[in-house]
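Contents: one structure, followed by commentary.
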Number of protein chains: 2
Amino acid sequence: MGAEDRRPATIYDVAERAGVSIATVSRALHGSSLVAAKTRDRVVEVARTLRYNPSQAGRQLAQGRYMAMGIVFPDLAGPYYAEVILGYEDRVAAHGCSVLILATHRRPNAEELAMDLAGRVDGMVIMGRTIADRVVARIADQRPVVLLARPPVGEIESINADNTASAERLTEHLLGHGYQRFAFLGDPRESPDVGGRYAGFRSALAAAGRRVPRPIRCGFSVAAGHEAALALLRKPHRPQALVCANDEVALGVLSAADELGLSVPAEVAVTGWDDILAARPARLTTVRQPMRELGATAASWLHERILGERVGGRHEVLATELVTRASCGEHPG
Amino acid sequence: MGAEDRRPATIYDVAERAGVSIATVSRALHGSSLVAAKTRDRVVEVARTLRYNPSQAGRQLAQGRYMAMGIVFPDLAGPYYAEVILGYEDRVAAHGCSVLILATHRRPNAEELAMDLAGRVDGMVIMGRTIADRVVARIADQRPVVLLARPPVGEIESINADNTASAERLTEHLLGHGYQRFAFLGDPRESPDVGGRYAGFRSALAAAGRRVPRPIRCGFSVAAGHEAALALLRKPHRPQALVCANDEVALGVLSAADELGLSVPAEVAVTGWDDILAARPARLTTVRQPMRELGATAASWLHERILGERVGGRHEVLATELVTRASCGEHPG
DNA sequence: GCGCCGGCTGAAAGCGCTTATGGTAATTCG
DNA sequence: CGAATTACCATAAGCGCTTTCAGCCGGCGC
């Protein structure tokens, strides 16, 4: 231990010990060509023996860059955000920067924390419905910001997965199975992603001349899906195909069907979203999103903006992929 | 947009506009009692209209604290690390600090990145086999460090889940089912956690007078488990009970068994570790770890050390919980 | 009327670093 | 051999903040 008492060496310590100025130390350690090879070696050697690790606070202040990027997301439960963050972290690190994270999970002071974060980074990503538009705009006013899976705010750049189109494809696929009665589980108001999914669900049904049911509003967890499905599947005229807002909800539906003795897909078809790990063993038909790519693209955009490249308000919609497994029914012709 | 050109307001701008010195601004915005209420209100008002957001670099340098803590982990695939990080982030935020993350995933310059991280935080957590002992020691020499799920390094504080004890309990449970031939899937060398699990597996078998099989070394993914299980279960004298290093591997085993037409648990019993979301629909017997608590405890320890409380080299082992589901066999007795 | 004290504020130092700017010795060239 | 480069290094300014210290001013007691 003793980490608490031993004050870490500063650039001054190195300079003194090596018999040079701090400017030379700085240059030597950054491989500047303005320093003689002999001096450089000596400085590097001293730095090593002194275990010198530059204080980033000093650097940040001096060169006006943090060499860090932030990301704000609602939660880390479920693989969705973890994957996005992973893609983000990977790309950010490739650009030589560190990653700051902030999970807002309904914290009352989330916006204050986000502002604080903004004061520590060169740019940041804001995901989902975490921060009020007003605050997002304030942050974007002083730092490059990219919105991920979030409704647009002014001209701020954004990246989304193509929820609507994939929902249409999914719904059309189910229509192809011949199902008549549909249900949508999830709250379109809760997340822009779910909003887009419901929109696609609706438009596909409408295009086929079917009645469009209202969404069954429920949370995003397995438990929420389970509970909602129990109520729904006990009805006399129960739906034949349940389109769930994400895989967690779909897993809850599966366990509810099991509990009620209903076989999937013969008596009820179920689909999810995200293609999480559990989807495969559960044989769940779902939609795969390019989660890592979402994060990676956002990181690159930020990096370009930070470097001052004059790129304008980009808005990208990434394609998704329908993954059909057993839960939606035997594949038709 | 325009985030690139508009230079954010500094404390000087606020001071000038409010007609006070920067010292007063600083005090006013921190609610110091040394400033008159009237002045404070005026300063706060000006700060708002100027959209002043303090640069954290300046603060960090001035008060010698980063108000940030780091965490280094191998990867974010699978829910394990995500959960730990979530517990960590939550507690760190409660202490008013930000969180820096670093995923090393076999990056060649991981240690350099970790050193860099160390220069941006007040303390940090290092998980798993990410960083060489030598580097860990160097970091711990200048910052408080807590090791998580990592073999000890010197006197550096550490927190672990009780892998060995729970592995013993799990193995005893399987012995209670009457199985004769066991296998362990996972590489004890890859992670200290797996090492502990294999150790418990071994000691329980040894205590029962059984032969202890060598571990079947495989990766941590579903695919790795699948592949390893295919080879293993095709053998004429195949094992009856497969103890897997984690749930992902166990899921791979389940799908392999399915592929080979072997029923679980009648023909082969399978167990996992971590109780990830997919474990429930897969009816997987597994071991639940207090993942969030691991992260939260580490955060609190760091916080205490940073505040200078003279606490010594603590080492804690957190208890785990056996979760029995169908995959290990019909429950005996 | 004078000295004191307490409430409030400003001036200034300093945190650790980067980066012009300037200066000196060693080299080159006319 | 003197002047003009060149190669190298030190000095110093400045990044945006916190915090110590000193100072000002009005009100109090004597």
How would you list, by chain and number, every residue that makes a salt bridge (Lys or Arg N to Asp or Glu O under 4.0 Å) with [X], sequence neighbours excluded?
X         : value
Asp75(A)  : none
Glu304(A) : Arg314(A)
Arg51(A)  : none
Glu316(B) : none

Detail all sub-3.5 Å separations between protein N/O atoms and N/O atoms belonging to nucleotides 24-28 of chain D.
none

Atom [atom1] of [X] to atom [atom2] of [N]: distance rounded to whole Å?
X        : N       : atom1 : atom2 : value
Arg27(A) : dT11(D) : CZ    : C1'   : 10 Å
Arg59(B) : dC17(C) : CZ    : P     : 20 Å
Leu29(B) : dC17(D) : CG    : C1'   : 11 Å
Gln60(A) : dC17(C) : CD    : C1'   : 10 Å

Pairs where residues 130-139 of chain A contributes a residue and the test side chain to side chain donor-acceptor pair (under 3.5 Å) is met, not counting sequence neighbours: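 Counting only pairs at least two positions apart or across chains, the side chain to side chain donor-acceptor pair (under 3.5 Å) contacts touching residues 130-139 of chain A are Asp133(A)-Arg150(A).
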Pairs flagged by side chain to side chain donor-acceptor pair (under 3.5 Å) wherever residues 90-102 of chain B is involved - sequence neighbours left out: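 Applying side chain to side chain donor-acceptor pair (under 3.5 Å) to every pair that reaches into residues 90-102 of chain B, excluding sequence neighbours, yields Arg107(A)-Asp90(B), Arg120(A)-Ser98(B), Arg91(B)-Ser300(B), His95(B)-His303(B).
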Under 3.5 Å between N/O atoms: give me all the protein pairs with nucleotides 12-15 of chain D, atom names plus distance.
from: dC15(D); atom 1: O2; to: Leu61(A); atom 2: O; distance (Å): 3.3
from: dC15(D); atom 1: O2; to: Ala62(A); atom 2: N; distance (Å): 3.2

Divergence of helical axes at both termini of the helix from dG1(C)-dC30(D) to dG30(C)-dC1(D) - five pairs an end, 10° steps: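 Rounded value for the end-axis angle: 60°.
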Inter- and intrachain pairs under salt bridge (Lys or Arg N to Asp or Glu O under 4.0 Å), touching residues 14-36 of chain A, at least two apart: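 Those involving residues 14-36 of chain A do not exist here.
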Pairs where residues 291-302 of chain A contributes a residue and the test salt bridge (Lys or Arg N to Asp or Glu O under 4.0 Å) is met, not counting sequence neighbours: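 Found Glu83(A)-Arg292(A).
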Strand contacts (DNA chain C) in residues 38-57 of chain B, 4.0 angstrom heavy-atom criterion: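 Correct list: Thr39(B).
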